[in-house]
> 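Next up is a structure, given as structure tokens.
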Amino acid sequence: DAKTTQPNSMESNEEEPVHLPCNHSTISGTDYIHWYRQLPSQGPEYVIHGLTSNVNNRMASLAIAEDRKSSTLILHRATLRDAAVYYCILQGAQKLVFGQGTRLTINP
Amino acid sequence: GAVVSQHPSRVICKSGTSVKIECRSLDFQATTMFWYRQFPKQSLMLMATSNEGSKATYEQGVEKDKFLINHASLTLSTLTVTSAHPEDSSFYICSASRGPLNTGELFFGEGSRLTVL
């Protein structure tokens with residue numbers, strides 16, 4: 001499975017947008033980009049996923065670079081409940097292999 | 001959204017005993033289920049992929065005789081940790097797919113925290 005690189009941690013303020021970056025320079029043409037998040041002592045939760053085009057849903061937006069070697073998860077207006085570890089995952093085969101993720105802290 | 005439930009959520013056992021963890025998809029049929037383990041402050045590590053009616057596919061380095069996985073129906077998979085030792089203490093998380101993963105249809109359970117004394 002191709003590898004992703006994310007910052008270990010990020011910090012933002014409540015009600016401000018958050019941009020979480022992910023590098024995946026070895027992505028193959030058929031790999032999907034998935035984002036999940038995990039709150040403390042819980043299982044991960046699906047956030048968004050995409051292949052080539054930018055994607056929007058009620059939780060977030062996913063901006064995918066034209067060369068697909070990087071992507072950015074955008075939380076448009078962070079709340080305290082968005083504090084979690086965010087995982088960017090490349091899916092080639094029918095399984096998801098998690099990297100280290102970014103621990104997002106939201107300041108009130 | 002779809003619900004995946006694990007039981008028990010917490011279990012404490014003595015060294016040398018076996019522990020079974022159940023994973024159920026409550027409102028959909030899951031053709032594939034996945035088992036992960038997670039140590040404190042670390043990421044999830046995929047242990048195995050389980051398909052209904054067939055043998056599980058284990059990731060490299062995961063002992064299949066130690067971690068027995070059974071996927072007897074489209075809504076139930078079980079993980080049995082055999083002859084548990086303190087180093088097996090971990091957070092075990094299952095997930096179930098409702099369709100191909102590229103549709104985003106993968107749902108996770110709440111996790112089961114195993115403590116081996």
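In the text below, chain A, chain B and the rest are named by the order of the sequence lines, each starting its count at 1.
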> Less than 4.5 Å to any heavy atom of chain A: does that hold for the side chain of B:Thr103, its backbone, both, or neither?
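It is the backbone, since no side chain atom gets that close.
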> Is it the side chain or the backbone of B:Leu44 that comes within 4.5 Å of chain A heavy atoms, both, or neither?
both
> So which residues get pulled into B:Ile69's cluster when ILVMFWY side chains under 4.5 Å apart are joined, directly or through others?
B:Val11, B:Val19, B:Ile21, B:Trp35, B:Met45, B:Met47, B:Tyr58, B:Val62, B:Phe67, B:Leu79, B:Val81, B:Tyr92, B:Leu114, B:Val116
> Could you list which of residues 32-39 of chain A have a heavy atom closer than 4.5 Å to any heavy atom of chain B, in residue-number order?
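Checking residues 32-39 of chain A against chain B gives A:Tyr32, A:His34, A:Tyr36, A:Gln38.
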> Tell me, side chain or backbone of B:Ile93 under 4.5 Å from chain A's heavy atoms, or both, or neither?
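For B:Ile93, the side chain is the part near chain A, not the backbone.
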> Of all the heavy-atom pairs spanning A:Pro44 and B:Phe108, show the shortest one and how long it is.
O-CB, 3.2 Å
> Should we count CG of A:Asp67 as having more than 12 external heavy atoms under 6.0 Å?
yes
> If I compare all heavy atoms of B:Leu101 with all of A:Gln94, which pair ends up nearest, and what's the gap?
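That would be N-OE1, 3.0 Å.
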> Go through the atoms of A:Leu96 and report whether side chain, backbone, both or neither lie under 4.5 Å from a heavy atom of chain B.
both
> Determine, using the 4.5 Å side-chain heavy-atom cutoff (strictly less than), whether A:Ile74 and A:Ile48 are members of one ILVMFWY cluster.
no
> Are A:Ser41 and B:Glu110 close enough that some pair of their side-chain heavy atoms sits under 4.5 Å apart?
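Sidechains of B:Glu110 and A:Ser41: no contact.
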> State plainly whether one hydrophobic cluster holds both A:Val47 and A:Met10, where clusters connect Ile, Leu, Val, Met, Phe, Trp and Tyr through side-chain heavy atoms under 4.5 angstrom apart.
yes
> Please indicate whether B:His7 has more than 12 foreign heavy atoms, meaning atoms of other residues, nucleotides or ligands, lying under 6.0 Å from its NE2.
no
> Atom CD in A:Gln100, atom CD in B:Gln42: separation rounded to 0.5 Å?
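Rounded to the nearest 0.5 Å, the CD-CD separation comes to 7.0 Å.
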> Has A:Arg103 got more than 12 heavy atoms of other residues, nucleotides or ligands less than 6.0 Å from its CZ?
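Not buried by this count: 12 neighbours or fewer within 6.0 Å.
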> Would you say CD of A:Glu66 has more than 12 non-hydrogen atoms from neighbouring residues, nucleotides or ligands within 6.0 angstrom?
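No.
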> Would you kindly confirm whether A:Val55 and A:Ile27 end up in one hydrophobic cluster when ILVMFWY residues are joined by side chain heavy atoms under 4.5 Å apart?
yes
> Does any heavy atom of chain A fall under 4.5 Å from the side chain of B:Gln38, the backbone, both, or neither of them?
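Contact with chain A is through the side chain of B:Gln38 alone.
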> Linking I/L/V/M/F/W/Y whenever their side-chain heavy atoms sit closer than 4.5 Å, directly or via other members, would B:Leu76 and B:Met33 fall into one cluster?
no
> Could you check whether atom NZ of B:Lys66 has more than 12 heavy atoms from other residues, nucleotides or ligands sitting under 6.0 Å from it?
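Atom NZ in B:Lys66 is packed in, count exceeds 12.
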> Counting N and O atoms only, with roles assigned by atom type, does the side chain of A:Gln42 sit under 3.5 Å from a partner on the main chain of B:Gly111, one being a donor and the other an acceptor?
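Looks like no, no N/O pair under 3.5 Å.
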